[in-house]
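Here the structure comes first, spelled out in structure tokens, and everything after it is commentary.
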Amino acid sequence: MQAPSVGGVRLPKGQGETIKLPRGASLTDFADKIGANPASLVQVLFHLNEMVTSTQSVSDEILELLGSEMNYVVQVVSPEEEDRELLDSFSISYGEDAGGDEDLVIRPPVVTVMGHVDHGKTRLLDTIRKANVMEGEAGGITQHIGAYQVVTELDGYERPITFIDTPGHEAFTAMRARGAKSTDIAVIVVAADDGVMPQTVEAVNHAQAADVPVVVAINKIDKEGANPDKIRQQLTEYNLVAEEYGGDTMFVEISARENVNIDKLLEAILLTADASLDLRANPDMEAQGVAIEAHLDRGRGPVATVLVQRGTLRIGDSIVAGDASGRVRRMFDEHGGDIIEAYPSRPVQVIGFTSVPGAGDTFLVVDEDRVARQIADRRRARERNAELASRRKRVSLEDLDAALKETNQLNLIIKGDNSGTVEALEDALMQLDVGEDVELRVIHRGVGGITEGDINLAIADNVIVLGFNVRAEGKATELANREGVEIRYYSVIYQAIEEIEQALKGMLKPEYEEVGLGTAEIREVFRSSRFGTIAGCLVMGGVIRRNARARLLRDSVVVADNLSISSLRRVKDDVVEVREGFECGLTLGNFNDIKQGDVIETFEMREKPRS
């Protein structure tokens, strides 16, 4: 049956059939489904005031528009369904345990700690695992995601519990929600002297949306003004009713600082798990799970922290996570010890990926490396098509002239030290609401130092580059300075979001700006009982001044910030400054963790006139 002519173009007329297409499909993909000529579909859209080529990835709206015009119901397949179809084509089932009930064994609960900023999440995790992760964290906010397993005793048996350590600010909404999806129990931390705050409510909403049981830890009971009963009363408004009030939510009063009732909190987690959940998994199948975090290590390559959810992960397994594949070469636990096998609910660091997986990507073990590569390649192509379709701005013939004029758009490239923070920062920035007159566009994001390739991309598209806990490599800095590309460095998420929001609103008025003074490479490291650790350096550029502010870089990643050049010598003489090309010896105050090959970057903060 022929369709009525659309602008002189005649096409097969549908009978209301459903056509399934992936995100970012092209008109050629559509034409293959209905047995039409792609050029004819291009003509149809042209007469509908949409200019699209036959091989171009197009948005869901255009696919649906074309389908309705031709009496087809276009169903854009969700990412989860796309992935399921992809794995089905390789005869792989994901998300379910193989075998019957007799093959399932009890696994430890996986716990995410959430709550308002400064209510003590990091201190609580620090107390639980007896390892200090607070030092070096900018602004007291956990900047990286990790996972840890601890063992506690209940009814005479030792029981392990796995903790996923997620950042605690509302800017990390997407990451925290994703963490809840791989979580069995959520621990909501509320400060007894502060009460329920906006991020507390947000954390409760995430936990309830993910349908996970909640244990409330009322922290800081040792502080003056603590009122635990007030917390219990406030949380009843959010359907968290304490057991003593006739509800089913366990509330535990703790002090993370004073190590009070931490054992009771761990016991409450296990009791909640036993009462509310059937935590079992098959350890005899090939491993499946989720990548919690990943980063690029110069010495070891891509390193991913993965949580095994079912099966057993072993050395030598062929593995695929998102669009990254590889073979498991080594595995480490949270203490850096080697692991041969990782059972369900076990978090491990994996070395062997050929690229960096994304935070929250599902991983699975397949029969051979070839299958892993094929799955990764198909996922990569699918994501690229979907991204191209989402970035394309719909342009009709009527507004073509306006579209060709300069748009009020801020383009960004985001580089960070790990994939989780990059993704969370992008998500937070894309949620900024500054009206319809201003547009924010992230054209590239990645893990690792800022490279020449990033700067070249920035030159082509008039882009600002954001570096989160990473720096630009030497030649990239020179290229950026020469071409006038702006690079902004951040170590605190709040500052990045606030400045970009102000820039979008045209209100960016920083009072001070950082001005680089010079860089020096550490050639030798000397130990002195009198002066501490002395760095023997060669000044690579600019000038190194005594008492100047400094930061230490290792493999283009910021190791330490807010340092000071406390002493500076040329040969045996104290000097005020040392210029490019000369050698010197210097100390960084009480900071001694320096290595040969590290780079010291000095700068000063200068007042910047308000614009």
I'd like to know if the side chain of [X] and the backbone of [Y] have a donor-acceptor N/O pair within less than 3.5 Å.
| X | Y | answer |
| --- | --- | --- |
| Thr421 | Asn418 | yes |
| Ser325 | Ala376 | no |
| Arg280 | Leu104 | no |
| Arg327 | Asp317 | no |
| Asp184 | Val110 | yes |
| Asp297 | Gly301 | no |
| Asp338 | Arg330 | no |
| Thr305 | Gln349 | no |
| Asp555 | Val557 | no |

Review point. Could Arg471 and Tyr489 be counted as a cation-pi pair, given that NZ or CZ must be under 6.0 Å from the ring centre and within 45° of the axis?
Key: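 Yes.
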Practice item. Could you tell me whether Arg300 sits above the aromatic face of Phe332, with NZ or CZ closer than 6.0 angstrom to the six-membered ring centre and within 45 degrees of the axis? Key: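 Yes, Arg300 sits over the ring of Phe332.
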Is there a side-chain contact between [X] and [Y], using heavy atoms and a 4.5 Å cut-off?
| X | Y | value |
| --- | --- | --- |
| Leu21 | Val74 | yes |
| Leu124 | Leu265 | yes |
| Val308 | Tyr343 | no |

Judged by modelled atom types alone, do [X] and [Y] share a side-chain donor-acceptor pair under 3.5 Å?
| X | Y | answer |
| --- | --- | --- |
| Ser345 | Gln309 | no |
| Asp427 | Gln431 | yes |
| Asp369 | Ser318 | yes |
| Gln75 | Thr18 | no |

Within this structure, what is the [atom1]-[atom2] distance for the pair [X] and [Y], rounded to the nearest 0.5 Å?
| X | Y | atom1 | atom2 | result |
| --- | --- | --- | --- | --- |
| Ile487 | Ile450 | CD1 | CD1 | 5.0 Å |
| Phe468 | Leu466 | CZ | CG | 10.5 Å |
| Lys264 | Leu271 | NZ | CG | 12.5 Å |

Check your understanding: Which pair of heavy atoms, one from Met331 and one from Val350, lies closest together, and at what distance?
Key ->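 Heavy-atom minimum between the residues: CG-CG2, 4.2 Å.
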Check your understanding: Any idea which heavy atoms bring Gly446 and Val422 closest together, and the distance?
Key ->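 The answer is O-CG2, 3.5 Å.
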Check your understanding: Between Val348, Thr312, Leu313, which is the residue that forms a side chain to side chain contact (heavy atoms under 4.5 Å, CB included) with Glu341?
Key ->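 It is Thr312; the other options fail the test.
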Check your understanding: So which of Ile188, Val214, Val201 actually passes side chain to side chain contact (heavy atoms under 4.5 Å, CB included) with Tyr238?
Key ->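 Only one option passes, and that is Val201.
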Review point. Stepwise, does the side chain to side chain contact (heavy atoms under 4.5 Å, CB included) test hold for Leu66 with Leu41?
Key: CA-CA 8 Å; Leu66 185 59; Leu41 300 187; 4.1 Å; yes
Name every donor-acceptor pair, under 3.5 Å, that has one atom in a side chain of residues 28-36 and the other anywhere in the protein, sequence neighbours excluded.
{"residue": "Thr28", "atom": "OG1", "partner": "Ser54", "partner atom": "O", "Å": "2.9"}
{"residue": "Asp29", "atom": "OD2", "partner": "Ser26", "partner atom": "N", "Å": "2.9"}
{"residue": "Asp29", "atom": "OD2", "partner": "Ser26", "partner atom": "OG", "Å": "3.3"}
{"residue": "Lys33", "atom": "NZ", "partner": "Lys20", "partner atom": "O", "Å": "3.4"}

Return a table of donor-acceptor pairs under 3.5 angstrom between the side chains of residues 151-161 and protein atoms on other chains or two or more places apart.
{"residue": "Arg159", "atom": "NH1", "partner": "Asp274", "partner atom": "OD2", "Å": "3.4"}
{"residue": "Arg159", "atom": "NH2", "partner": "Asp274", "partner atom": "OD1", "Å": "2.9"}

**Study point:** Stepwise side chain to side chain contact (heavy atoms under 4.5 Å, CB included) test for Val190 and Asn219
**Key:** CA-CA 6 Å; Val190 190; Asn219 194 21; over 6 Å; no
Practice item. Mind running salt bridge (Lys or Arg N to Asp or Glu O under 4.0 Å) on Arg346 and Glu334 for me, showing each step along the way? Key: CA-CA 10 Å; Arg346 187 72 169 108; Glu334 59 268 28; 3.2 Å; yes
Practice item. Apply side-chain hydrogen bond (donor to acceptor under 3.5 Å, both in side chains) to Glu293 and Ser419, showing your working. Key: CA-CA 7 Å; Glu293 184 49 274; Ser419 57; 3.1 Å; yes
